[in-house]
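To start, the structure under review is shown below, and the notes come after it.
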Amino acid sequence: MMVRTPDSSEDLFAEAATNWDLQKLYKDLAVAKREFAPHKRRVLTDTEKKHLRGLLCGYSPAEMAEKLYKNSRGVEADLCSTIYQYVEQLTKKPLNTLKNWRDIPQWLEQTGYKIPVSDTVDREKAIASSPSDDLADIELVSDLLVKKNWKKSSFFHQTFQEYLSAEELASSQQGCQQLVLHITEPRWRKVFLQASKKLPAADSLFQLMNQQVDMLMITDKKLQDFLRWVSKKSNSVNVSYKPAAVRLFYLTRARAIAIASDPDCAGSAIGSLIEVTTTNTIATGLDIDINTTTDIDIAIDYISALAISRTIATSTAINIYIPDVIFNAITITLDDILKQNTNSEFKEKIKKLKNYLPISNRDTFKQWWLNNGLEWTKNLRNVIIHYRDIGQDWQFTEAQKKLLVQYYQANKCLMECLNSGCNVSPEVRSHIENNVCLPLDSSLS
């Protein structure tokens with residue numbers, strides 16, 4: 001039985017091409033992007049194209065996030081800093097006039113990018129009457145399939161692909177060995193969940209998954225040192241959660257700091273600036289929610305890491321967002337640290353740093369930040385590292401950042417599958433939970 005694996009990113013929301021002139025839209029939006037943000041890449045990125053297609057298909061940011069296995073706030077923030085602004089530029093709307101994601105298809109239809117219904121009908125008639133070798137660039141949409149060309153079709157609903165892929169791959173040891181090679185890819189998440197629940201005894205699959213996760217960072221000394229810090233930091237806090245859940249929490253916080261300045265992660269970084277509340281619950285995949293407001297050590301470390309992420313992200317966001325919004329996000333985070341029941345010296349240092357910030361207005365804060373932001377961020381970071389042992393600059397390379405993201409995704413997938421109702425022995429479950437996010441020289445038997 002031959003089964004097509006889940007669609008690649010370029011296949012997502014492919015039905016948009018049925019009703020929209022995507023190629024012209026991509027080209028014109030790239031021009032608008034260059035006009036709005038000359039410092040960015042000259043063409044639309046794959047992520048920008050994907051988000052645009054999702055909006056044109058009628059998906060809200062939250063619905064897109066679910067399909068893309070992303071955080072909904074991150075997708076919303078990415079849209080705010082990219083597609084929304086490019087469309088405003090393209091359609092000659094004043095900056096920041098877009099109030100709702102539904103404005104995007106409406107404005108683009110008014111500008112002439114939607115294919116008229118009569119043209120769509122004519123195209124379907126042409127497909128029906130054309131010989132197969134003339135179908136190279138025509139998409140035929142049916143109830144179940146999207147025909148990409150005469151050689152290639154894909155399921156219109158990804159659920160069918162995920163189900164059939166899991167059915168096929170879980171049927172043999174060789175299939176399971178093939179499956180685990182995709183553990184770092186979020187789009188395979190539902191295939192893993194289906195496969196782990198289908199097996200009458202899933203120990204072998206979970207052992208393969210665990211081995212694959214361990215192999216990701218086995219040869220990188222710096223990343224192994226990072227995992228040692230994760231283990232040490234997790235052991236230093238007094239909480240009632242499973243150790244694996246706490247390690248995943250600290251890995252997630254450190255990962256957010258590491259990528260906060262990355263231009264390719266601007267959506268997440270700027271999303272951190274927009275989300276001015278620090279009330280949050282981190283789902284770990286271990287049937288446990290880490291409550292970041294009621295557990296004192298966790299709460300302080302969460303807010304402290306968020307403060308660092310926001311200040312690092314400011315260098316990316318200062319020329320994109322209204323400075324008042326950024327200023328408010330930073331000061332609210334510092335105020336939340338000051339409200340915590342923590343070391344008085346630490347709070348005094350934070351208060352002093354807060355007092356260095358200028359009184360907020362659009363001009364003075366932006367100019368102050370351009371002149372002093374890097375030094376102020378460095379001082380804040382040093383204070384938090386000294387008192388909370390979080391926020392270190394690991395100086396990861398781009399390859400290490402990518403590997404860290406893959407490691408996080410793989411562990412998240414492993415934990416979600418382990419708690420999905422699968423049939424796994426207590427011994428294998430215990431071994432995996434005890435060793436999640438540990439450096440290899442600290443792994444427990």
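Residue numbers count from 1 along this sequence.
Considering CZ of R247 and CG of L251, their distance stands at 10.5 Å, rounded to 0.5 Å. L223 CG to L216 CG: the interatomic distance, rounded to the nearest 0.5 Å, is 10.0 Å. Rounding to the nearest 0.5 Å places CG of L199 at 5.0 Å from SG of C176. Atom OG of S60 sits about 9.0 Å away from atom CG of L55, to the nearest 0.5 Å. Rounded to the nearest 0.5 Å, atoms CD1 (I296) and CD (Q340) are 6.0 Å apart. Distance check: C422 SG to K198 NZ gives 14.0 Å after rounding to the nearest 0.5 Å.
A donor-acceptor distance shorter than 3.5 angstrom exists from the side chain of Q224 to the backbone of M217, with no hydrogens or angles considered. The closest donor-acceptor contact from the side chain of R381 to the backbone of I308 lies at 3.5 Å or more, if one exists at all. Using modelled atom types, one side-chain atom of S196 and one backbone atom of L193 make a donor-acceptor pair closer than 3.5 Å. One N or O on the side chain of W229 and one on the backbone of D389 form a donor-acceptor pair closer than 3.5 Å. Side-chain atoms of S309 do not come within 3.5 Å of backbone N or O of L306 as any donor-acceptor pair. Using a distance-only test at 3.5 Å, with no hydrogens or angles considered, a donor-acceptor pair links the side chain of T91 to the main chain of V87. Using a distance-only test at 3.5 Å, with no hydrogens or angles considered, a donor-acceptor pair links the side chain of R429 to the main chain of L418. Using a distance-only test at 3.5 Å, with no hydrogens or angles considered, a donor-acceptor pair links the side chain of N434 to the main chain of S430. For the pair D203 (side chain) and S425 (backbone), a donor-acceptor distance under 3.5 Å is present.
D103 and Y84 form no side-chain donor-acceptor contact under 3.5 Å, judged by distance and modelled atom types alone.
A 6.0 Å sphere centred on CG of N235 holds more than 12 heavy atoms belonging to other residues, nucleotides or ligands. Atom CD of Q174 sits in a sparse spot, with 12 or fewer heavy atoms from other residues, nucleotides or ligands closer than 6.0 Å. Atom CG of N341 has 12 or fewer heavy atoms from other residues, nucleotides or ligands within 6.0 Å.
With salt bridges taken as basic N to acidic carboxylate O contacts below 4.0 Å, none links K114 and D21. Checked for salt-bridge contact, K222 and D225 miss the test: no charged N lies under 4.0 Å from a carboxylate O. Look at R388 and D301 and you find a salt bridge, because one of the NZ, NE, NH1 or NH2 atoms lies within 4.0 Å of a carboxylate O, short of that distance.
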Problem set entry | Verdict with supporting geometry, Q211 and L208, side chain to side chain contact (heavy atoms under 4.5 Å, CB included) | CA-CA 5 Å; Q211 291 168 12; L208 287 170; 4.2 Å; yes
For this session: Verify side chain to side chain contact (heavy atoms under 4.5 Å, CB included) between V230 and L248, making sure each step is shown before the conclusion.
Result: CA-CA 8 Å; V230 169; L248 272 173; over 6 Å; no
Problem set entry | E48 and H51: CA distance, side-chain angles, deciding distance, side-chain hydrogen bond (donor to acceptor under 3.5 Å, both in side chains) verdict | CA-CA 5 Å; E48 289 167 346; H51 288 171; over 6 Å; no
For this session: I would like to know whether Y387 and I350 meet side chain to side chain contact (heavy atoms under 4.5 Å, CB included); could you show each step before the answer?
Result: CA-CA 11 Å; Y387 288 97; I350 294 295; over 6 Å; no
Exercise. Can you list the steps and then say if I300 with I337 is a side chain to side chain contact (heavy atoms under 4.5 Å, CB included)?
Worked result: CA-CA 7 Å; I300 297 168; I337 294 176; 5.5 Å; no
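Side-chain contact between L56 and F13 is absent, with no heavy atoms from C-beta onward closer than 4.5 Å. You'll find the side chain of V383 stays beyond 4.5 Å of the side chain of H386, heavy atoms only. Side-chain contact between W188 and I183: absent, with no pair of heavy atoms (C-beta onward) separated by less than 4.5 Å. Proximity of Y59 to R53: side-chain heavy atoms (C-beta onward) are nowhere separated by under 4.5 Å. Between D336 and I303, the closest side-chain pair of non-hydrogen atoms falls below 4.5 Å. Side-chain atoms of W20 and C57, non-hydrogen and from C-beta on, never get closer than 4.5 Å to each other. Side-chain atoms of T184 and Y407, non-hydrogen and from C-beta on, never get closer than 4.5 Å to each other. Using a 4.5 Å heavy-atom cutoff, the side chains of D220 and F396 are not in contact.
Nearest heavy-atom pair across I390 and I385 is O-CG1, 3.5 Å. When every heavy atom of S420 is checked against every heavy atom of K197, the shortest pair comes out as O-CD, 3.2 Å. Pairing each heavy atom of V75 with each of A65, the nearest pair is CG2-CB, 3.8 Å. Here the closest non-hydrogen pair linking Y250 and D297 is OH-O, 4.2 Å. Looking at every heavy atom in both residues, L181 comes nearest to Q177 through CG-O, 3.5 Å. Looking at every heavy atom in both residues, L179 comes nearest to A195 through CD2-CB, 3.8 Å.
Aromatic rings of F226 and W394 (six-membered ring for Trp) have centroids within the 6.0 Å cut-off, being under it.
In this structure, F249 and Y302 have tilted ring planes: the angle between them lies in the 30° to 60° band.
Cation-pi geometry between K49 and Y26 is met: the NZ or CZ atom falls under 6.0 Å from the ring centre, inside 45° of the normal.
For the side-chain contact (heavy atoms from CB on, under 4.5 Å) test with I432, the passing option among V213, L414, N411 is L414; the others fail.
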